[in-house]
Amino acid sequence: MSKKRYWIGMLLLTGCLMGLFVIAAGDGDISHAADTTGVVTADSLNVRSGAGTSYEKLTSLPKGTVVTIQETVTVSSSDKWYKIPVTVNGKSVTGYVSATYVAIDKTADPTPTPGASLPQTVTTYRYETTYKAISVPAKTLAQTKVYAKAGGARKVIARKKITLSKKKAVKIIGEKTVKGKKWFKVSFSYKKKKRTGYVRNLYVKMTLKSAATAAVNNVKKSIKIRSAANNKAAYKKSGKKYIKLVKGTAVTISKDVKKGNTKWYKLSFTYGGKKKTGYVKASYIRLDRKKVVKKVPVVALSNTDFEKSMNQQGFPDSYKQSLRALHQKYPYWQFVAYKTNLDWNTVINNEFRPGKGVNLISNAKSKAWKSTEPEDYNASTGKWKVYDGSTWVAASRAAVCYYMDPRNFLNERNIFMFESLEYQSQYQTKTGINTILANTPFGGKSFSYKDPDTGKNKTITYTDAFIEAAKKSGVSPYHLASRVKQEVVTSATTTSGAVTGTNTKYPGIYNFYNIGAYSSENPMENGLKWASTGTSYLRPWTDRYRSIVGGGMYIGTSYISKGQNTGYLQKFNVTPYQRYEHQYMTNVEAAYSEAIKTKTAYADTMNKTPIIFSIPVYSNMPAAACAAPK
């Protein structure tokens, strides 16, 4: 008797206007089961739009590729096909591969044994709850209407026009400057319901239980301080020079004053090592947000749930085999796909810019690692243009591709370049910092300093100094210690001149993170110059404590809070904030090197620590990871 055959058509139409594929399953029996893992055994396996060789070829997979089998389609007794998810041109679609060339892999992704859940802290931000405010209307009620958007573009909230009456209590939960005018985002109750909206800061009187922390903002370089809250008041001086606060200087607001149509703040701040006070317009001050730490349970995902998580995150298939291996060994680790929505070739073109020195590498490397573009290399002399120090030359395009391709570093040794760098106090301990600092001049050592708050002389270990820096900046102390080790440690007993305090041009100045040490004939001195000027981030850095803690605050404010919250993103800035610029270091290998140092800090605790890794994903990436130059 002939075998029965069932014709089953599957048509997935996701929108022709979006240019997506139309995919059909074809003829055959379909078996549904839990997702299974398979491994490609052919040298190159075609992925087709349906179950059969007559269907359109979508892409091909190299030998060894791990695939997720969602369904089995039996066309005939000798012709079976597997339905799999696959990435084509940066988009996740469904495809079909011949079962003949896929081996079911029962060991590639075994289910980890779930244990007890672990706590994980998640840092969020909100404005200080001490900013209780009262609405103070001007002459007309129309001036205190609540708008849905800063700038007053929309007047309706929840289909109602809301006007706040005088002395209505509100809470400031945000602020925004539009066309030079500051707006507060406020929350309040209205007809027994909680509402939010925007009002001009002119009509909100802050009632402060304690001094509110803030920072100088919306200035090109600096702002002068007046002796009273008006435009005619004298500027304050320190000695014979005017007091100028540079952008980013930390201040506290002790008084909120409205003069006519201008809002002023009375500030207190440290200037030249002394406490000062004065007035500035509120438009030049940004309120600080309060860090709120929440604890959430983290559990080890089962094999099925982990597969679902990777698919939901949008990880391409070429990432999954490595992530599966890491998940099996470290089941509490969390992998987050950082979807850049950027084309891979566009990214590489912006990071490989001949003649600009954007990405550098040691001249000791072989020729394949170094750029031979005319702007970087003199073919007639065989010499490379030096961009930094005496040995740092432009990296080749292949080197940039290699270090930018996340797939090259999805292993337990290098994945820490994607670690989320917020401070996790219950996991990032003194023991871990000691591990990082071992075999450096800072391991187990102490130093003396003058406390910036009390002025008293104190002694502290380097390990405790990094803990202090983490508390004040919200940045991982492992990252800070690794960054210092990367930047200034030259051997087990020596450091660069950036942290000795003995530079003849800038004596007594320290710069542990080499901040401001941009490329030039003497980048170290540029960094020391930066560390010796200004009043923000505990500057001038006249001792080791100010440099370690203040530098951590700078990294937290200037990078972590801007979205560059991994070592990778600090090296290769593919975030929306000043994309392809604002990169902490030029050494193309820096994120890779720091990752190795950070990994050692976790040591035997890695398998029970819920570390979060934010891994970039690009569109139109090569099918396989970019190889190291040869």
Side-chain angles (χ1 to χ4, degrees), residues 87 89-91 125 176-178 217-218 220 247-248 286 289 313-316 319 335-361 371 373 375-376 387-388 394-409 416-422 475 479 483 513-519 554-592 594-595 612-622 625-626:
T87 301
N89 295 328
K91 297 177 181 179
Y125 296 85
K176 194 171 184 179
T177 300
V178 178
N217 195 40
N218 295 330
K220 289 184 177 180
K247 185 176 181 179
R286 181 196 67 236
R289 294 185 299 172
Q313 290 286 342
F315 280 113
Y319 284 61
F335 306 110
V336 179
Y338 179 68
K339 297 179 181 178
T340 64
N341 297 317
L342 298 174
D343 176 81
W344 173 255
N345 290 316
T346 300
V347 170
I348 297 302
N349 289 339
N350 279 277
E351 288 289 346
F352 178 67
R353 285 177 276 171
K356 302 299 183 182
V358 175
N359 282 287
L360 307 181
I361 201 163
S371 171
E373 298 295 323
E375 299 91 335
D376 303 317
Y387 286 94
D388 193 355
S396 66
R397 185 182 182 90
V400 173
C401 288
Y402 174 75
Y403 282 111
M404 285 205 72
D405 194 330
R407 296 169 296 183
N408 286 318
F409 308 104
F416 285 88
M417 68 171 67
F418 309 116
E419 180 192 10
S420 183
L421 298 179
E422 286 81 7
V475 180
H479 172 61
R483 175 61 54 82
Y513 304 95
N514 264 341
I515 298 169
Y518 54 85
S519 301
Y554 172 86
I555 292 171
T557 300
S558 302
Y559 289 89
I560 308 302
S561 65
K562 295 291 192 299
Q564 292 176 261
N565 63 335
T566 67
Y568 180 98
L569 292 177
Q570 288 184 27
K571 173 64 203 90
F572 304 113
N573 183 16
V574 291
T575 73
Y577 178 77
Q578 295 185 27
R579 183 174 290 149
Y580 309 128
E581 305 294 339
H582 197 255
Q583 300 186 149
Y584 191 93
M585 53 293 239
T586 53
N587 178 3
V588 74
E589 299 178 299
Y592 163 83
E594 284 188 9
I612 299 173
F613 299 98
S614 178
I615 306 168
V617 173
Y618 302 95
S619 301
N620 302 320
M621 296 184 74
C626 298

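A quick note: this is a predicted structure, and the numbers were derived from the prediction, not measured.
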**Pairwise distance CZ(R483) to CE(M585) - rounded to 0.5 angstrom** = 4.0 Å
**Message:** Testing the basics here: between V475 and G556, what is the closest heavy-atom pair and its distance to 0.1 Å?
**Reply:** CG2-CA, 3.5 Å
**Message:** If I take atom CE from residue M621 and atom CD1 from residue I348, how far apart are they, to the nearest 0.5 angstrom?
**Reply:** 8.5 Å
**Fill in**
On a heavy-atom basis, the closest approach of P406 and I615 is CB-CG2, 3.9 Å
**Item:** Check: N350 and R579 side chains under 4.5 Å, non-hydrogen atoms
**Value:** no
**Request:** With sequence neighbours excluded, tell me which residues meet side chain to side chain donor-acceptor pair (under 3.5 Å) with R353.
**Result:** E581
**Prompt:** When you measure from the side chain of Q313 to the backbone N and O of V336, does any donor-acceptor pair fall under 3.5 Å?
**Reply:** no
**Request:** Check whether the ring centres of Y559 and Y584 lie less than 6.0 Å apart, and answer yes or no.
**Result:** yes
**Message:** For Y568 versus P616, what's the shortest heavy-atom pair and its separation?
**Reply:** CE2-CG, 3.5 Å
**Item:** Minimal non-hydrogen separation, L569 against G563, with atom names
**Value:** CD1-O, 3.6 Å
**For N573, all residues meeting side chain to side chain donor-acceptor pair (under 3.5 Å), sequence neighbours excluded** = T575
**Item:** side-chain contact (heavy atoms from CB on, under 4.5 Å) partners for E375, two or more places apart
**Value:** P354, E373
**Message:** I'd like to check the side-chain contact (heavy atoms from CB on, under 4.5 Å) partners of S614; sequence neighbours left out, ordered by chain and number.
**Reply:** Y338, T566
**Complete:** Looking only at heavy atoms, the pair that brings G355 and Y387 closest together is CA-OH, 3.1 Å
**Message:** For the backbone of C626 and the side chain of N408, can you confirm whether one donor and one acceptor N or O come within less than 3.5 Å of each other?
**Reply:** yes
**Asked** Can the ring centroids of Y402 and F409 be said to lie less than 6.0 angstrom from one another?
**Response** yes
**Complete:** Interatomic distance, CD1@I515 vs CD1@I555, rounded to 0.5 Å, equals 5.0 Å
**Message:** Is it the case that the side chains of K571 and N587 hold a donor-acceptor pair, with the cut-off being a distance below 3.5 Å and no angle test?
**Reply:** no
**Message:** I need the Q570 CD to H479 NE2 distance, nearest 0.5 Å.
**Reply:** 4.0 Å
**Residues N349 and R397: side-chain donor-acceptor under 3.5 angstrom** = yes
**Prompt:** Distance from S558 atom OG to Q564 atom CD, nearest 0.5 Å?
**Reply:** 9.5 Å
**Straight-line distance of F572 CZ to T340 OG1, nearest 0.5 Å** = 13.5 Å
**Fill in**
Heavy atoms of V617 and Y319 approach each other most closely as CA-OH, 3.7 Å
**Under the side chain to side chain donor-acceptor pair (under 3.5 Å) test, residues paired with D405 that sit two or more places apart** = R407
**Request:** Using the salt bridge (charged side-chain N to carboxylate O under 4.0 Å, His left out) rule, collect all pairs that involve residues 337-351, keeping only residues at least two apart or in two chains.
**Result:** none
**Item:** Counterpart residues, side-chain contact (heavy atoms from CB on, under 4.5 Å), relative to S420 (two or more places apart)
**Value:** E422, N565, I612
**Message:** Can you list everything that forms a side-chain contact (heavy atoms from CB on, under 4.5 Å) with A399? Sequence neighbours excluded, please.
**Reply:** W369, A395, S396, P629
**Complete:** Sorted by chain and residue number, the ring-ring contact (aromatic ring centres under 6.0 Å, His included) partners of Y513 (sequence neighbours excluded) come out as none
**Asked** Does any non-hydrogen side-chain atom of F352 lie less than 4.5 Å from one of C401?
**Response** no
**Candidate pair M404 and V574, rule side-chain contact (heavy atoms from CB on, under 4.5 Å), full reasoning** = CA-CA 10 Å; M404 285 205 72; V574 291; 4.2 Å; yes
